[in-house]
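Any value given below was found using the heavy atoms of this structure, including those in side chains, with hydrogens, waters and symmetry copies removed.
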Amino acid sequence: MTGLAAHVCVRLGALDLDVALEVDERGLVLVGPNGAGKTTVLLSMLGARRPTRGRVAIAGDVLFDSAGGVDRATEERGLAYLPQDYALFPHLTAVANVAFGLRGPRAERIRKARLLLDRLGVGAVAERHPGALSGGERQRVALARALAPSPRAVLLDEPLAALDVESRHSVRAFLVTELRALRRPFIVIAHHREDVRAFGAPVAVIERGRIVQQGELAALEASPASSFTAHLLNGRPDHD
């Protein structure tokens, strides 16, 4: 397995999560109702939340294994995480935010950060603070910060949720292009049918902590396994 493989079990309040996923360079779109466990899945892979049991590996390199006693620190896993609110440091400029996760002399880190911001089309805002950026600019800066350390996989938690209607379409197209160019496994949480379709990746539906359906988008659209899936993808009740 050259991609990201994870089986995570987490008890979180009333939620008893037990999810197994395998993701390659095509990526995966994870959908589900609020409280289904989507963010918990990503945080468990990242190492920000410790599963009660399970295993996480990328390209055969084990990052977590409850049975084997393996639990690598988050910063050692090589996974990029982009939260819903982007989590940019408000007191740092855009270029300083991107350089924060890099290693080496400050001048070299700043140089690499500027190059990445330029590539992502936001080099002109390098010296601005997050509060002075538009939603689309913040999203691109946050993506630059996530990609700067050359991650082995990318985890995105509703990366388009904070955008207004006007910028959503262009930023979504940009994000899809960048993820394809990266050629690394990625998981993106989405909750709009247009977003699900745009990524062109297999889809996994999680409800109440379990994967209830997984596969190609066309197959899920043709035969949704739940009312949630039918409503999200087709805007109609399921036909069972």
Side-chain angles (χ1 to χ4, degrees), residues 4 23 25-32 34 38-43 45-46 48 74 78-102 109-110 112-201 203 232:
L4 176 64
V23 188
E25 291 181 0
R26 290 190 62 201
L28 180 76
V29 180
L30 185 62
V31 301
N34 291 337
K38 301 184 296 297
T39 297
T40 300
V41 170
L42 298 194
L43 294 179
M45 293 180 180
L46 187 67
T74 297
L79 307 179
Y81 177 61
L82 187 61
Q84 293 181 31
D85 61 1
Y86 309 145
L88 294 171
F89 299 118
H91 63 290
L92 297 181
T93 62
V95 69
N97 263 281
V98 177
F100 184 84
L102 295 173
R109 290 188 288 112
I110 293 295
K112 290 180 178 179
R114 287 188 184 278
L115 288 175
L116 187 52
L117 288 172
D118 285 339
R119 184 168 71 81
L120 298 188
V122 284
V125 303
E127 299 303 330
R128 297 181 191 174
H129 288 77
L133 304 179
S134 69
E137 289 168 342
R138 285 195 298 273
Q139 199 262 10
R140 294 185 190 214
V141 172
L143 181 61
R145 188 178 67 176
L147 299 182
S150 299
R152 304 164 78 185
V154 183
L155 310 176
L156 305 106
D157 192 347
E158 297 191 31
L160 305 170
L163 299 179
D164 56 47
V165 175
E166 292 183 0
S167 60
R168 187 182 192 91
H169 179 77
S170 62
V171 173
R172 180 176 62 211
F174 164 82
L175 183 57
V176 170
T177 300
E178 285 299 314
L179 289 173
R180 292 287 169 232
L182 189 63
R183 298 183 63 82
R184 308 268 172 88
F186 70 86
I187 300 176
V188 56
I189 294 175
H191 67 266
H192 290 295
R193 72 189 70 175
E194 294 83 3
D195 297 341
V196 175
R197 290 170 180 158
F199 286 100
V203 179
L232 175 66

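Taking each heavy atom of Ala201 and Leu28 in turn, the nearest pair found is CB-N, 4.0 Å.
Residues meeting the salt bridge (Lys or Arg N to Asp or Glu O under 4.0 Å) test with Arg109, sequence neighbours left out: none. For Glu25, the side chain to side chain contact (heavy atoms under 4.5 Å, CB included) test picks out Arg183, with sequence neighbours left out. For Arg26, the salt bridge (Lys or Arg N to Asp or Glu O under 4.0 Å) partners at least two apart in sequence or on another chain are Glu216. In this view, Ala80 and Ala146, Pro151, Val154 satisfy the side chain to side chain contact (heavy atoms under 4.5 Å, CB included) rule, not counting sequence neighbours. Applying the side chain to side chain contact (heavy atoms under 4.5 Å, CB included) test to Ala48 and every residue at least two apart in sequence or in another chain returns Leu43, Leu46. With sequence neighbours left out, Arg197 forms a side chain to side chain contact (heavy atoms under 4.5 Å, CB included) with Arg193, Leu217, Glu221, Asn234. Evaluation of the side chain to side chain donor-acceptor pair (under 3.5 Å) rule for His129 yields no partner, not counting sequence neighbours.
Distance CG/Leu182 to OG1/Thr177: 12.5 Å, rounded to 0.5 Å. Distance check, rounded to the nearest 0.5 Å: CD1 of Ile110 to CG of Leu115 gives 11.5 Å. Remark: Leu155 CG to Phe186 CZ distance equals 11.0 Å, nearest 0.5 Å. Distance check: Leu120 CG to Gln139 CD gives 9.5 Å after rounding to the nearest 0.5 Å.
Listed by first and then second residue, the side chain to side chain donor-acceptor pair (under 3.5 Å) pairs involving residues 148-159 are Thr39-Asp157, Asp61-Arg152, Tyr81-Asp157, Gln84-Asp157, Glu158-His191 (not counting sequence neighbours). Each salt bridge (charged side-chain N to carboxylate O under 4.0 Å, His left out) pair with one or both residues in residues 80-99, not counting sequence neighbours, would appear here, but there are none. Sorted by first and then second residue, the pairs that involve residues 117-129 and meet salt bridge (charged side-chain N to carboxylate O under 4.0 Å, His left out), not counting sequence neighbours, are Arg114-Glu127, Arg119-Glu178.
Within the 3.5 Å criterion, the main-chain N or O of Gly32 finds a donor-acceptor partner in the side chain of Lys38. Panel note: side chain Tyr86, backbone Pro159; a donor-acceptor pair is recorded below 3.5 Å.
Between Leu156 and Leu175 there is a side-chain heavy-atom pair separated by less than 4.5 Å. Residues Val141 and Pro130 have side chains not in contact (no heavy-atom distance under 4.5 Å, counting atoms from C-beta outward). Within the 4.5 Å cutoff, the side chain of Leu4 has heavy atoms near those of the Ile187 side chain.
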Please list every donor-acceptor pair under 3.5 Å in which a side-chain atom of residues 92-100 meets a protein atom from a residue at least two apart or in another chain.
| unit_1 | atom_1 | unit_2 | atom_2 | d |
| --- | --- | --- | --- | --- |
| Thr93 | OG1 | Ala96 | N | 3.2 |
| Asn97 | OD1 | Phe89 | N | 2.8 |
| Asn97 | OD1 | Arg145 | NH1 | 3.3 |
| Asn97 | ND2 | Phe89 | O | 3.1 |
| Asn97 | ND2 | Leu92 | O | 3.2 |
| Asn97 | ND2 | Thr93 | O | 3.1 |

